[in-house]
Novice: 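Here you go, one structure.
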Protein chains: 2
Amino acid sequence: MSQVAQEAGVSLATASRAINGSANRTVRDDLRERVLAAAERLRYSPDANAQAMARGRTMSLGLIVHDIADPYFSSIAAGVSQAAARADLAMTLASTQHDATLEPRFVELLTRQRARAIVVAGGRLQDDEANERMRRALQDFRRSGGSVALVGQPLLDVDTVVIANASGSADLARALHGRGYRRFAVLAGPEVHLTARDRNAGFSEALAQLGSPVDPDLVIRSAFTRDGGYEAMSTLLAAGTDVECVFAVNDVMAVGAIAAARDAGVRVPDDVAVAGFDDIVTLRDITPALSTVRVPLVDVGVMATELALAPESVEPRLVHVDGSVVLRESTPGRT
Amino acid sequence: MSQVAQEAGVSLATASRAINGSANRTVRDDLRERVLAAAERLRYSPDANAQAMARGRTMSLGLIVHDIADPYFSSIAAGVSQAAARADLAMTLASTQHDATLEPRFVELLTRQRARAIVVAGGRLQDDEANERMRRALQDFRRSGGSVALVGQPLLDVDTVVIANASGSADLARALHGRGYRRFAVLAGPEVHLTARDRNAGFSEALAQLGSPVDPDLVIRSAFTRDGGYEAMSTLLAAGTDVECVFAVNDVMAVGAIAAARDAGVRVPDDVAVAGFDDIVTLRDITPALSTVRVPLVDVGVMATELALAPESVEPRLVHVDGSVVLRESTPGRT
DNA sequence: AGCGAGTTGGAATGCGCTTTCCAGCGTAGG
DNA sequence: CCTACGCTGGAAAGCGCATTCCAACTCGCT
């Protein structure tokens with residue numbers, strides 16, 4: 001920049017003010033022109049790190065997800081990316097690949113980077129120790145001047161976008177019950193996965209209230225992934241039950257379940273209906289079209305980002321996002 | 001850090017050396033211990049921006065994609081993320097949302113951040129002006145000390161991972177021909193999209209060589225997206241042709257095409273076969289299972305990152321990645 | 001014409017760290 | 001016993017910028 005200043009025949013201070021438009025200071029037009037021309041001529045590019053240091057704050061925002069290749073997270077990431085761009089922030093993405101120990105590590109990384117804010121997507125696990133580590137890491141981050149928003153369960157004492165998992169799946173349960181289904185199974189995901197747990201709980205409780213409780217033996221645990229859904233469905237089918245409808249706690253698992261049914265020669269929905277959760281865009285065209293609970297994931301990303309960027313509040317804020325039931329061919333009405 | 005040094009009773013220099021392990025200098029063990037303990041006690045977190053400035057290089061890598069919510073790009077991003085983590089680099093992700101003018105802007109952003117390297121994913125367009133702008137932006141980035149790798153067409157004078165689009169779709173064409181198909185249509189994507197163009201060209205040329213050239217009227221242009229595929233397929237079906245097999249230049253379009261067929265009451269594959277390109281993981285369970293060309297996208301991301309991080313070479317390096325044909329139910333053999 | 005207020009350019013300081021450079025120490029070799 | 005060298009700690013310089021403080025200058029008013 002000193003070269004630019006010299007080239008333009010002004011002082012370093014003036015060059016800085018001309019290029020990055022100082023707050024309560026103006027630069028005469030002709031000088032500004034000269035400086036900008038010189039900068040252009042010299043292909044000058046301001047050093048963001050130096051700016052960050054001088055200004056005491058960066059222009060970047062961190063996003064932590066479990067797996068960026070998972071459409072659930074990539075949708076959220078798209079929203080965060082949008083909102084970050086609008087706020088003129090660069091987005092640093094960290095993907096833990098489902099390794100929970102990496103999460104606080106990434107928070108530390110982003111603390112070192114002095115990111116403006118961190119958005120943590122991906123549900124919490126029931127692991128008090130891990131959550132405590134995460135809480136402390138986030139606290140350190142906030143003590144260093146950053147702000148945080150979470151997508152998931154409001155466990156970490158920070159602003160959180162809470163997806164109405166329980167009530168969404170309860171709505172779904174009632175809708176399916178309304179379509180005539182009575183005997184349900186649940187592909188419930190991992191025991192410790194709180195999102196999975198909430199969805200399962202909401203679903204099961206609603207059914208119990210309707211007088212069609214889910215047989216505990218028909219709540220199958222498996223990974224929260226396509227393969228987990230496949231495996232759980234295979235287990236279920238091998239047991240030879242007479243289930244009418246299978247609820248998988250997310251769409252990806254539901255897809256795995258449908259694949260398992262197909263491979264086992266079981267027709268969906270003729271022999272067994274299947275429903276999921278999330279309404280993943282990429283999966284809207286599968287056959288049969290999947291009944292599910294639509295969650296506006298891109299919006300969730302945007303909201304989380306805006307929450308993180310909003311002026312700090314004393315109390316952790318909660319933003320609730322409802323899902324809406326979408327019934328499709330995978331769960332036709334039973335006549 | 002000066003506080004840490006004071007707390008540990010050593011100089012700032014020693015604290016720095018103890019914490020970030022200087023190159024050719026050692027610190028006595030007891031002192032190091034003292035410093036680390038003090039750092040822990042004070043919850044000290046080194047400022048990455050200051051380190052970047054002092055060291056003259058950052059620990060971050062940029063990735064530019066068209067749309068992070070697209071599974072094609074999120075797969076590549078997963079690979080880049082992996083490789084970046086291995087190299088101890090933070091990944092800054094920029095998603096252009098298909099706005100080509102944003103691409104060079106993001107390069108400038110990453111230049112200001114002094115990123116170590118940039119990986120640009122997402123095929124080039126046939127737009128000399130845009131490509132020229134991009135080339136210049138990347139050159140400026142490299143002049144400022146960064147390195148670059150591209151995924152796509154080797155147009156920008158930088159290291160590039162080249163996906164064998166033409167030969168992959170030629171292989172697919174031959175395989176489909178081998179299964180007895182003769183009358184083809186191509187959902188060719190946008191005219192200016194070079195990846196789409198290469199795939200279309202490879203496919204059409206291979207068929208021409210086999211003596212079953214594609215009728216130019218049956219090459220439909222549309223967006224490179226699910227909706228583009230849907231629209232193109234609708235157009236095709238409305239025209240009422242007797243096509244046996246439709247090749248969509250990517251899986252997402254193929255899925256749209258299948259949806260369009262279904263909505264039009266046309267059965268896939270009984271009435272018309274459909275094939276795609278990419279073998280997107282999330283789409284492997286659609287019905288009917290899609291014949292396609294598998295591209296190891298995660299590996300592509302890893303390779304591009306490694307290419308970008310490898311010592312500079314004078315000549316732009318090219319790494320070729322082949323796709324492999326995967327025939328599934330969507331294109332059964334014709335008897 | 002003279003004075004104060006407002007405006008603008010420039011010198012200097014500091015952001016938090018790494019790294020040279022220098023000095024002090026202990027040790028081995030003569 | 002003395003010197004030369006290796007090892008280690010500390011002082012200080014500098015990375016590239018924003019910003020404060022000061023000085024100079026302009027304008028409007030009396």
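Here is the naming used below: chain letters follow the sequence lines, and residue numbers restart at 1 for every chain.
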Novice: Do B:R114 and A:S45 pass the side-chain hydrogen bond (donor to acceptor under 3.5 Å, both in side chains) test, and can you show the C-alpha distance, the side-chain angles, and the key distance before you say yes or no?
Specialist: CA-CA 9 Å; B:R114 303 291 188 263; A:S45 163; 3.3 Å; yes
Novice: Would you kindly give the CG-to-C1' distance between A:L31 and D:dT26, to the nearest whole Å?
Specialist: 15 Å
Novice: Is a salt bridge present between B:R133 and B:E129, judged by a nitrogen-to-oxygen distance below 4.0 Å?
Specialist: yes
Novice: Could you check if a side-chain atom of A:L102 sits within less than 4.5 angstrom of a side-chain atom of A:Q97, using non-hydrogen atoms only?
Specialist: no
Novice: Nearest 0.5 Å, what's the CD-CZ distance between A:E33 and A:R28?
Specialist: 12.0 Å
Novice: So if I define the base as every atom that isn't primed, P, OP1 or OP2, how would nucleotides 19-24 of chain C read as a B/S/- string at a heavy-atom cutoff under 4.0 Å?
Specialist: BBB---
Novice: Donor-acceptor pair, A:R34 side chain versus A:A8 backbone, under 3.5 Å?
Specialist: yes
Novice: Could you state the CG-C1' distance from A:D30 to C:dT8, rounded to the nearest angstrom?
Specialist: 11 Å
Novice: I want to check one thing: is the phosphate of C:dT7, taken as OP1 and OP2, less than 4.0 Å away from some side-chain N or O of A:R28?
Specialist: no
Novice: Distance check needed: D:dT8 C1' versus B:D29 CG, whole Å only.
Specialist: 12 Å
Novice: Could you tell me whether the side chain of A:S11 and the main chain of A:A13 form a donor-acceptor pair under 3.5 Å?
Specialist: yes
Novice: Quick one: A:Q113 CD to C:dC17 P, roughly how many Å, whole number?
Specialist: 14 Å
Novice: Nearest to the side chain of B:V10, which nucleotide is it out of D:dG10, D:dC17, C:dG9?
Specialist: D:dG10
Novice: Output the residues of residues 37-46 of chain A in contact with DNA chain C, where contact means a heavy atom of the residue under 4.0 Å from an atom of the strand; sort by number or write none.
Specialist: none
Novice: Answer whether the closest heavy-atom distance between the side chains of B:M1 and B:L12 falls below 4.5 Å.
Specialist: yes
Novice: If only side-chain N and O atoms of B:Q51 are considered, is one of them under 4.0 Å from the OP1 or OP2 phosphate oxygen of C:dT18?
Specialist: yes
Novice: Can B:R105 and B:T96 be counted as having a side-chain donor-acceptor contact under 3.5 angstrom?
Specialist: no
Novice: Students often mix this up, so state it plainly: with edges at 30° and 60°, are the rings of B:F224 and B:H193 parallel, tilted or perpendicular?
Specialist: parallel
Novice: Can you measure A:R32 atom CZ to C:dT8 atom C1' for me and round it to whole angstrom units?
Specialist: 12 Å
Novice: Would you kindly give the CG-to-C1' distance between B:D47 and C:dG16, to the nearest whole Å?
Specialist: 6 Å
Novice: Per the end-axis method with five pairs at each terminus, what is the bend angle of the helix from C:dA1-D:dT30 to C:dG30-D:dC1, to 10°?
Specialist: 40°
Novice: Report the distance from atom OG1 of B:T92 to atom CG of B:L109, rounding to the nearest 0.5 Å.
Specialist: 7.5 Å
Novice: Regarding B:S2, tell me which of base, sugar-phosphate or nothing describes its non-hydrogen contacts under 4.0 Å with the strands shown.
Specialist: nothing
Novice: Would you indicate whether B:Q3, at its atom CD, is surrounded by more than 12 heavy atoms from other residues, nucleotides or ligands within a distance under 6.0 Å?
Specialist: no
Novice: Can you tell me if A:T305 uses its side chain to pair, donor with acceptor, with the backbone of A:A83 under 3.5 Å?
Specialist: no
Novice: Compare side-chain N and O positions of B:N49 against OP1 and OP2 of C:dC15 and report whether any pair is under 4.0 Å apart.
Specialist: no
Novice: Can you tell me how far P of C:dT18 sits from CE of B:M53, to the nearest Å?
Specialist: 11 Å
Novice: Among the nucleotides C:dC17, D:dG16, C:dG10, which one has an atom lying closest to any side-chain atom of A:S11?
Specialist: C:dG10
Novice: Whole Å only: how far is the CD atom of B:Q3 from the P atom of C:dC15?
Specialist: 12 Å
